[in-house]
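Worksheet: one structure, shown below.
Both backbone and side-chain heavy atoms feed into the values below; hydrogens, waters and symmetry mates do not.
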Amino acid sequence: PSRCSFICVVVDPSIIKYTGMIANPEMKIRMAIIKINEREVVLKEKGKTADFTLQKILKDKIIIMHKSKRYEVLRDQ
């Protein structure tokens, strides 16, 4: 097991849910509707909330970065 000399926070990817996408093809804007710890946020690519950065929005998944770790979250059906 690794040890930290400072406070360690381990993120459980199950706290992140990708619930939908809003797209405007004319303006080439896509926004993702995401729930993090049951708090709903709407972010565009490269948008930030708390310690999370939304890297990429796809129809079936999003890619999120949290403290240099990459997480792929599938869209809820």
Quiz item: Once you round to the nearest 0.5 Å, how far does CG of Leu74 lie from NZ of Lys17?
Solution: 11.0 Å
Practice problem: Check the pair Phe52 / Ile16 against side chain to side chain contact (heavy atoms under 4.5 Å, CB included), numbers first and verdict last. | Solution: CA-CA 10 Å; Phe52 297 93; Ile16 305 167; 3.6 Å; yes
Practice problem: Identify the residue among Asp60, Ile64, Ile63, Leu58 that makes a side-chain contact (heavy atoms from CB on, under 4.5 Å) with Glu72. | Solution: Ile63
Quiz item: What's the shortest heavy-atom distance between His66 and Tyr71, and which atoms?
Solution: CB-CE1, 3.9 Å
Quiz item: Roughly how far, to the nearest 0.5 Å, is the CG atom of Leu43 from the NZ atom of Lys48?
Solution: 11.5 Å
Practice problem: Spell out, yes or no, whether Ile36 and Met21 are grouped together once hydrophobic residues are joined by side-chain heavy atoms under 4.5 Å, including indirect joins. | Solution: yes
Practice problem: Treating Ile, Leu, Val, Met, Phe, Trp and Tyr as nodes and any side-chain heavy-atom pair under 4.5 angstrom as an edge, say whether Ile22 and Tyr18 lie in one connected cluster. | Solution: no
Quiz item: Of Val73, Ile57, Leu54, Thr19, which meets side-chain contact (heavy atoms from CB on, under 4.5 Å) against Ile34?
Solution: Leu54
Quiz item: Are Thr49 and Arg39 close enough that some pair of their side-chain heavy atoms sits under 4.5 Å apart?
Solution: yes
Self-check item: Interatomic spacing from CG in Asp51 to NZ in Lys67 - rounded to 0.5 Å
Solution: 5.0 Å
Exercise. Decide side chain to side chain contact (heavy atoms under 4.5 Å, CB included) for Thr53 and Gln55; before the verdict, give the C-alpha distance in whole Å, the side-chain angles of both, and the deciding distance to 0.1 Å.
Key: CA-CA 6 Å; Thr53 303; Gln55 292 293 313; 3.4 Å; yes
Quiz item: Distance from Lys56 atom NZ to Met65 atom CE, nearest 0.5 Å?
Solution: 14.5 Å
Exercise. Could you pull out all residues at least two apart from Glu45 that satisfy salt bridge (charged side-chain N to carboxylate O under 4.0 Å, His left out)?
Key: Arg30
